[in-house]
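Step one of this worksheet: look at the structure below.
Bear in mind that the values here come from a model prediction, so they are computed numbers and not experimental data. In what follows, every chain begins at residue 1, and chains take the letters A, B, ... in the order their sequences are listed.
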Protein chains: 2
Amino acid sequence: MQVIVTGGAGFLGARLIQTLLEEEKRIEGETITRVTSIDLAPCPLDDPRVESWVGDVADKALIERALGDDTLAVCHLAAVVSSQAEADFELGMRVNLEATQALLDACRAHPRRLRFLFASSLAVFGPGLAQPVPEETGPQPRSSYGAQKAIGELLVNDYSRRGFIDGRVCRLPTIVARPGKPNQAASSFASSIIREPLAGQRAVCPVDPDLPLWLSSPRAVVGNLRHALQLDGDALGEWRTLNLPGITVTVTQLLDALERQAGAETRALVDFEPDAAIDKIVASWPGGLDIERPLSLGFQADVDVDTVIHAYREDYLNT
Amino acid sequence: MQVIVTGGAGFLGARLIQTLLEEEKRIEGETITRVTSIDLAPCPLDDPRVESWVGDVADKALIERALGDDTLAVCHLAAVVSSQAEADFELGMRVNLEATQALLDACRAHPRRLRFLFASSLAVFGPGLAQPVPEETGPQPRSSYGAQKAIGELLVNDYSRRGFIDGRVCRLPTIVARPGKPNQAASSFASSIIREPLAGQRAVCPVDPDLPLWLSSPRAVVGNLRHALQLDGDALGEWRTLNLPGITVTVTQLLDALERQAGAETRALVDFEPDAAIDKIVASWPGGLDIERPLSLGFQADVDVDTVIHAYREDYLNT
């Protein structure tokens, strides 16, 4: 039986695919034997069980063809990231909203009530909230990306309530450290200020060093996404939106940890150059969320900021 | 200068139009001299300043033609109501979501930054909330109507934040008592149990007599919608969604008031016949909301349940 992963060419999508194919993962008693990636580029994994459909996730005909009878679940990770959706409103609406709707409708038409994992974001929240943010707090996004994700959350919940799908919404923390190059997420700097110095390169921090971030390692996020997909829907209850666990870390604390592991010279490679456009988006996000319910459901947070950096070095630098 | 009112054939739309045309109401220093109603039926008002465009609010070409250069504002009241949107998912999505998107895009294309008043509903909220519901509480709708309204709220806010429109979202309480016939709103009974007995007819209450309702008279709601439209956007701040004031009244308290004004025989015309489908929707709505901010902005609540019934008798029965 197959699982569809949109955004399978991205680093998170590819890691999720890898995890799903490890050790005969099961959903509703059936084994995941293959994964179909739908993305603008092929999934980088070299595995015969992974099929890449290269195309636009908003292409309804493509989606309908991909959703074969042996589909168990759809993991919808493809998105136009925050700064890009802010710069190009139409593109964000098309990929983050219309494609999500098209995917949901294709799932609704499927004979099986498919599991549907939707990657949302802490970017749905606005500024000025109690910290940690209580679970029942509403989205007041200050970015079009956040608005589009919050709309997707409502759709996944309503489609689930009606029995069209068996949905799960995971609000992802800021992921540190992503491998590869900076992207157009407003939070991209949070990875850059770890990744680039560890590679001996300079990096720019565009926000205040005291800004608290809500962070998770790729390891923890991928483990939690996998858990969300395998969890029984009844355990989640009627409302299917979850704040994924993270840890609250200021930029200074993140750099302190970098210095502990790689020395003062490495930390000195980070320059502070305030950028109002990025700061306005990132500072509107909460620095901590109430995660009592997700922890009770078996979701996991990183132990501390040192393990976050250590995980990056182990996974991507082999150190 | 004109104002567009979608749903102008409905009783609330027609009353809002009447109010906007009274006493030279002004928006941004300009006088409202005419109103265009867009609805499936003509606006019932006999006033040469009211023009009725009969058609589908989801018809983009119609909307674009209606939005002439002299448009000051759009009041978007047209909707498929709760039980109907629950029974016909596609219809609800088309009218409550797609038409709202089409209207917002037409406003965005307009040379003026139009005021946009969106009628949302307490139906965006889910069950199990602290009472009164704190303002920052998020929508967890248990109806497709509530989900579609919550999505509209997010769109109006994001379009406002980007400067495409100058939006205001008003979450309406349950309106008691609407004149005319029962409609397909799950809350329709709340009007019926007042209106029908006052006309000497039997009525059915499908919910528990102890259920608290969040109520407003048509008078108060229309006054508040008018106020929301005329209020300076800066007073509202960045987040444009407001819980309109109401009063918390149980079904029993509502019937006690009916009895005080019209006697025990009138009250005895109400039969209790539980209806699980209606109860499931209505009982998921909160019975009270925190309205400190709207009250500080000049929005008004009814004095008490007796004035709510008295207003109905005065406005619709001339008693």
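Across B:Leu154 and A:Ala150, no two heavy atoms sit closer than the pair CD1-CB, 3.7 Å. In plain terms, the two heavy atoms of A:Trp239 and B:Pro139 that are nearest each other are CZ2-O, 3.6 Å. Taking all atoms of both residues into account, the shortest heavy-atom contact from B:Ser144 to A:Asp158 is OG-OD2, 2.6 Å.
The contact between A:Phe164 and chain B is made entirely by side chain atoms (from C-beta outward), counting heavy-atom distances below 4.5 Å. Residue contact with chain A, scored on non-hydrogen atoms closer than 4.5 Å, is absent for B:Pro134. Only the side chain of B:Tyr159 comes within contact range of chain A, judged by heavy atoms closer than 4.5 Å.
Among B:Ala147, B:Ser143, B:Gly146, the residue with the largest count of heavy-atom pairs under 4.5 Å with chain A is B:Ser143.
B:Arg162 places a side-chain N or O within donor-acceptor distance of the main-chain N or O of A:Glu86, the cut-off being under 3.5 Å.
Remark: B:Asp69 CG is loosely packed, at most 12 non-hydrogen atoms of other residues, nucleotides or ligands lying under 6.0 Å away. Within a 6.0 Å radius of CD in B:Gln131, other residues, nucleotides and ligands contribute more than 12 heavy atoms.
The structure places CD of B:Glu153 at 10.5 Å from CD1 of A:Ile151, a figure rounded to the nearest 0.5 Å. Of the inter-residue distances, the one linking B:Thr137 atom OG1 with A:Glu135 atom CD reads 12.5 Å to the nearest 0.5 angstrom.
At a heavy-atom separation below 4.5 angstrom, chain A is approached by no residue within residues 275-290 of chain B. For residues 93-113 of chain B, a heavy-atom distance under 4.5 Å to chain A picks out B:Met93, B:Leu97, B:Gln101, B:Arg108, given by residue number. Of all residues spanning residues 116-128 of chain B, none has a heavy atom less than 4.5 Å away from chain A's heavy atoms.
Legend: residues meeting side-chain contact (heavy atoms from CB on, under 4.5 Å) with A:Ala73, ordered by chain and number and at least two apart, are A:Val3, A:Ile27, A:Arg115, A:Leu229.
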